[in-house]
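Below is one structure, written out as structure tokens, with a few remarks after it.
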Amino acid sequence: MEPRTESKNEKPWSKETARPSLRQTQHKFSRMMSDDNQDAFRSVSRKPGLQIWTINNMQMVPVPAQGFGNFFEGDCYIVLYISQGKGSGQSADIHYWIGKSSSQDEQGAAAIYVTQLDEYLGGSPVQHREVQGSESPRFRSYFKNGLIYKKGGVASGFHHVDTNVYNVLRLLHVKGRKHVTAAEVEVSWNSFNTGDIFLLDMGKAIVQWNGPQSNRREKLKAVLLAQDIRDRERGGRAQIGLVEGGDEQDSPELMKVMTAVLGQRTGSLKEAVPDDRPGQAQNGSVRLYHVFENSGNLVVQEVATQPLTQDLLHSSDCYIADQGGSSVMVWKGKQASKEERREALNRAVGYIKAKNYPPSTTVEVMTEGGESALFKHLFKSWRDKGQTQGLGTTYSVGKIAKVDQVKFDVMELHARPELAAQQRMVDDASGDVKVWRIENLELAEVNPSTYGQFYGGDCYLVLYTYQRSNKQQYVLYMWQGRHATKDEITACAYQAVNIDNEYNGAPVQVRVVMGKEPRHFLAIFKGKLIIFEGGTGRPGAVNPDAGARLFQVRGTNELNTKATEVLARASSLNTNDVFLLKTDHICYLWYGKGCSGDERVMGRAMSDVLSKQDKQVVMEGQEPAEFWVALGGKAPYASDKRLQKEEPPHSPRLFECSNQTGQFRMTEVGDFAQSDLDEEDVMLLDTWEEIFLWVGKSANQHETKEAWNSAQEYLRTHPAGRDPDTPIIFVKQGYEPPTFTGWFNAWDPHKWSGGNSYEEMKKKLSDPASLSQITVDLNNTNLSKSPSPVGMGGGGYRAPGGPVNSPTLYRVHGGDLSPRPSTPTSPSTQRVQPPASMNLSPSASFTPSSPAGGTVSPSAGGSGMYLDPELLINKSPSELPQGVEPGQREAHLSDADFENLLGTSRPDFQRLPKWRQNDLKKKAGLF
């Protein structure tokens with residue numbers, strides 16, 4: 001380890017001067033730091049799932065589930081996510097979210113609570129600092145439908161909210177393709193622009209207006225957000241309508257609604273504004289610093305630069321890993337003092353200030369043994385304590401892997417894709433193999449009798465065909481020899497495209513660099529894979545006589561064995577392996593002392609493939625003189641018997657690839673699922689041993705073309721100094737092999753065939769029955785806006801888990817849509833509204849429930865939204881009451897009936913996967 005000398009460009013800074021406000025906060029609320037003060041955490045559950053608190057009067061106040069995803073800009077929040085590992089262990093992440101208008105006191109209190117909550121949970125959670133607008137992928141992953149930023153904060157006071165409250169009027173400005181955010185803006189046409197999407201939320205109705213320049217992906221995300229608001233905040237009882245901004249004349253009824261609320265539009269709309277910035281370019285620069293206190297000053301000493309190794313971290317210290325300013329991670333050793341561990345978060349913030357990094361810089365704080373995947377990815381290799389070799393083990397760069405393959409059968413691999421993924425095996429290698437060599441830039445078929453022999457001067461294409469679910473599947477390997485010409489490598493890629501086209505795009509394409517063959521590639525040649533360093537396998541070609549040739553054999557069975565030519569020198573030997581030494585007249589089988597019986601058997605089988613000459617077994621330490629003469633004399637070689645050094649498995653990571661800015665950009669998707677694979681995207685899945693490129697059906701042609709370069713760029717710039725020859729696997733949507741799908745929980749092969757494309761959802765939401773629920777009756781009650789200043793709380797929308805703070809406030813009681821009295825705002829925000837009114841549910845037979853949340857029984861003239869369950873259970877669509885959509889019967893149950901029939905509350909039901917929801921509905925007779 002490098003000596004710890006103070007870096008010339010790093011200076012100590014006084015923690016007193018750097019963070020006065022935080023210090024004052026800590027002093028002011030020192031009572032909170034009392035070890036006995038556990039009251040705040042009584043409500044903390046240790047069950048897997050999401051829990052959120054907001055800071056109100058310096059206390060943690062739980063946010064109800066229906067409020068999840070709503071964040072007030074004037075507040076700070078604490079978000080705890082506990083996940084259940086594959087084994088019995090749990091992992092926890094604590095995020096504290098800072099609203100852009102929150103006070104220093106609240107920020108300080110949140111930071112203190114995070115530190116205490118971390119201690120309360122045993123010190124193992126990873127702590128994250130989140131700043132509004134710059135949230136981490138992991139944080140965003142908890143809110144798949146997007147984040148809603150709401151004006152105001154705790155100054156207005158908190159109120160319990162019921163999901164049946166409809167006194168809402170707000171306009172949400174929706175942005176983002178991958179990570180969706182929706183911010184409350186002034187309810188006015190002045191807020192609109194041509195490139196984004198806006199949701200006009202009126203409580204019982206939500207109208208989505210799509211800017212003419214918005215794309216399908218953005219429109220779909222906005223629909224999902226609107227449905228999420230309907231289901232979570234309105235208990236499923238609100239109607240959604242869609243307006244295409246470029247074709248407003250196609251939605252006359254909905255435009256009447258918008259005009260009634262927003263007034264007549266005058267003038268043209270604003271131009272589109274640039275969308276959310278793509279993810280940062282990967283920063284290969286990483287520096288590790290030792291952080292400690294010296295006479296009241298915080299001292300930062302540089303320890304090392306990338307690639308980092310785990311032995312640099314000492315349990316008695318705390319460290320900061322700085323990834324070129326894009327993220328700052330603090331590592332706390334288990335033996336570090338309590339004070340040091342408590343100060344870790346503050347030190348990270350102080351470090352960011354001292355470096356003049358943006359306040360939104362990502363911060364993670366973790367304890368030894370509880371490191372995040374992102375942190376581990378900064379290190380060349382990482383071993384968790386007590387970890388033994390298991391499935392998915394990978395090996396150090398430049399070494400020939402020694403793989404102990406577990407026994408499995410093809411049915412198990414197809415039944416358990418997670419095993420296929422960990423083993424990197426699409427099947428048991430019993431399929432059909434066809435091999436071509438690139439000759440004169442064209443394809444030439446290879447004689448099957450020489451299958452498995454690969455020469456470093458050639459490029460090959462290997463097509464593997466196998467059956468899965470009675471359907472033909474294909475893998476196309478592109479093997480690139482180390483000494484092949486650039487033209488041959490290019491021709492290899494070109495011919496791969498031709499073969500891919502012949503099979504209608506079905507093959508999964510895998511780039512294989514000589515010496516880095518993936519496990520399945522080894523398996524398909526049944527223990528006969530031989531890699532020759534140079535030369536060519538072309539018929540009639542004369543390879544230069546190299547004299548004695550030495551081959552290193554690795555493997556214990558037919559599925560994992562290969563022989564690789566190495567330099568014919570004594571220094572190439574290794575006591576752990578079998579070597580074949582081929583001379584003009586004899587073939588020696590050299591058995592190292594550390595090799596197993598299985599390895600010797602495979603070495604013998606390989607010698608029969610390599611040479612028809614006489615074989616002579618040579619035990620290490622009993623070599624004849626001729627053996628050493630053939631190797632140019634005796635020399636030292638690796639002779640210490642030890643387990644092969646392997647790199648433990650890293651957590652897989654998923655990224656969205658983008659070249660839209662002309663520069664390769666990647667946006668990470670945290671806690672990823674199949675639903676994160678967008679049809680218009682190119683995605684990169686990094687499983688460390690392999691890189692997958694997944695290409696959606698509607699992906700941008702330029703990005704698809706650039707995908708290979710993107711993957712190589714990703715490996716080249718990776719901070720852990722990754723092997724640039726890592727296998728790259730090209731997968732097209734609809735043709736995913738189990739080695740890919742196994743990294744995703746509950747992969748659904750039919751997801752895209754039935755699909756929930758924007759067009760299908762639009763059709764569903766635009767049917768006459770839905771639209772009839774959203775109409776305007778200009779002769780009913782008076783409707784006009786009455787803006788209320790933020791924070792005044794004149795009796796407006798009580799958002800889940802938050803204060804009364806909507807800038808535009810309504811009270812709905814029966815037909816009364818008139819605003820409550822409120823303090824007038826500046827004249828610029830006031831506008832005379834034309835007298836208008838709304839009746840959001842004109843159907844005589846079927847109208848929403850009373851806003852107070854009480855049920856109106858259907859017998860009372862059929863005017864209630866809650867229906868008698870008998871009218872819904874086990875009824876064919878034609879037997880259902882008018883206005884009831886067959887697939888949404890549960891929306892017409894009272895909360896009590898809902899729980900009795902489905903066995904779960906409405907919010908909990910909404911968080912279940914679709915298949916589980918349908919399963920419960922079937923059992924209840926509501927499907």
Side-chain angles (χ1 to χ4, degrees), residues 69-71 73 100 132-135 140 143-151 168-202 205-230 240-251 254-255 257-259 261-263 265-279 360 656 658 660-661 665 667 678-681 698 700 757-759 761-762 765-766 785 806-808 829:
N70 289 280
F71 291 90
E73 295 179 343
K100 66 181 183 183
Q132 180 181 340
S134 302
E135 294 87 357
R140 290 175 182 272
F143 311 99
K144 290 288 187 189
N145 290 316
L147 301 171
I148 299 176
Y149 301 141
K150 301 172 69 60
K151 300 287 184 194
V168 181
L169 180 65
R170 60 177 177 172
L171 182 64
L172 293 172
H173 180 186
V174 184
K175 288 185 73 68
R177 288 178 69 247
K178 178 64 65 181
H179 298 312
V180 177
T181 57
E184 287 186 354
V185 291
E186 184 197 353
V187 185
S188 157
W189 284 115
N190 296 333
S191 300
F192 285 68
N193 68 59
T194 57
D196 290 329
I197 293 168
F198 294 82
L199 298 180
L200 181 60
D201 182 2
M202 299 162 285
I206 301 168
V207 177
Q208 174 174 328
W209 184 92
N210 298 324
Q213 292 166 35
S214 58
N215 62 40
R216 265 177 43 239
R217 178 81 200 134
E218 292 168 321
K219 292 174 185 178
L220 176 60
K221 283 285 192 181
V223 170
L224 294 173
L225 177 62
Q227 290 182 330
D228 189 48
I229 293 170
R230 175 195 70 192
I240 298 171
L242 298 173
V243 175
E244 296 298 341
D247 302 294
E248 291 179 342
Q249 67 281 2
D250 294 345
S251 311
L254 294 176
M255 284 309 296
V257 173
M258 293 189 74
T259 305
V261 176
L262 301 167
R265 188 168 68 214
T266 55
S268 54
L269 294 171
K270 287 184 285 197
E271 284 301 304
V273 291
D275 213 339
D276 52 357
R277 63 183 188 280
S360 59
E656 177 190 10
S658 169
Q660 290 172 352
T661 57
R665 297 273 183 177
T667 307
D678 296 333
E679 299 196 36
E680 296 180 355
D681 286 342
S698 311
N700 167 325
S757 70
Y758 171 69
E759 284 73 19
M761 294 190 97
K762 180 182 176 184
L765 291 168
S766 302
K785 284 198 309 176
S806 185
T808 47
T829 61

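Computation of the quantities below employed the complete heavy-atom set of this structure, encompassing side-chain atoms and omitting hydrogens, waters and symmetry-equivalent molecules. The structure presented is a predicted model; accordingly, all values stated were derived computationally and were not measured. Numbering starts at 1 and runs along the sequence shown.
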Report task. Taking only Lys NZ, Arg NE, NH1 and NH2, and the carboxylate oxygens of Asp or Glu, determine whether Glu244 and Lys219 approach each other closer than 4.0 Å. Result -> yes
Query raised in the report: Do you know the tightest heavy-atom contact between Arg140 and Leu147?
Result: NH1-CD1, 4.2 Å
Query - Val174 side chain near Thr181 side chain, heavy-atom distance below 4.5 Å - result: no
Report summary line: Rounded to the nearest 0.5 Å, the CZ atom of Phe198 sits from the CG atom of Leu269 at a distance of 8.5 Å
Report task. Look up atom CD1 in Ile240 and atom CD in Gln208, then write down how far apart they are to the nearest 0.5 Å. Result -> 8.0 Å
Report task. May I ask you to test the Leu199-Leu225 pair for a side-chain heavy-atom distance under 4.5 Å? Result -> yes
Report task. List the atom of Leu262, the atom of Ser188, and the distance in Å for their closest heavy-atom pair. Result -> CD2-N, 3.7 Å
Query raised in the report: Sub-3.5 Å donor-acceptor pair from the side chain of Gln132 to the main-chain atoms of Lys100, do we have one?
Result: yes
Query raised in the report: Minimum heavy-atom separation for Met255 to Trp189, with atom names?
Result: CE-CH2, 4.1 Å
Report task. Compare every heavy atom of Pro212 with every heavy atom of Gly245, then report the nearest pair and how far apart it is. Result -> C-CG, 3.9 Å
Report summary line: Of all heavy-atom pairs linking Arg170 and Ile148, the shortest is NH1-CG2, 4.2 Å
Query raised in the report: Which pair of non-hydrogen atoms, one from Ile206 and one from Ala226, has the smallest distance, and what is that distance?
Result: CD1-O, 3.8 Å
Report summary line: To the nearest 0.5 Å, atom OG of Ser268 lies from atom CG of Asn193 at 12.0 Å
Query raised in the report: Between Ser214 and Gly211, is there a donor-acceptor pair closer than 3.5 Å when you use the side chain of the first and the backbone of the second?
Result: yes
Requested in this report: Using the side-chain contact (heavy atoms from CB on, under 4.5 Å) rule, pick out the option among Lys221, Glu218, His173, Lys175 that qualifies with Ile197.
Outcome: Glu218
Report task. Using a strict cut-off of less than 4.0 Å between a Lys/Arg side-chain nitrogen and an Asp/Glu carboxylate oxygen, indicate whether Glu186 and Lys151 qualify as a salt bridge. Result -> no
Query - Leu169/Val261 under side-chain contact (heavy atoms from CB on, under 4.5 Å): CA gap, chis, key distance, verdict - result: CA-CA 9 Å; Leu169 180 65; Val261 176; 3.7 Å; yes
Query raised in the report: Tell me, do Val243 and Val207 make a side-chain contact under 4.5 Å, heavy atoms counted?
Result: yes
Requested in this report: Nearest 0.5 Å please: distance from the NZ atom of Lys144 over to the CG atom of Leu224.
Outcome: 12.0 Å
**Report entry** Nearest-0.5 Å distance, CH2 of residue Trp209 to CG of residue Leu242
**Finding:** 13.0 Å
Requested in this report: Indicate yes or no: at least one non-hydrogen side-chain atom of Leu171 is less than 4.5 angstrom from one of Asp201.
Outcome: no
Report summary line: The reported gap from CG in Asn210 to CG in Asp196 (rounded to nearest 0.5 angstrom) is 10.5 Å
Requested in this report: Quick one: sort the Phe143 and Phe71 rings into parallel, tilted or perpendicular, breaks at 30° and 60°.
Outcome: perpendicular
Query raised in the report: Judged by atom type as modelled, is there a donor-acceptor pair below 3.5 Å linking the side chain of Tyr149 to the main-chain atoms of Gly133?
Result: yes
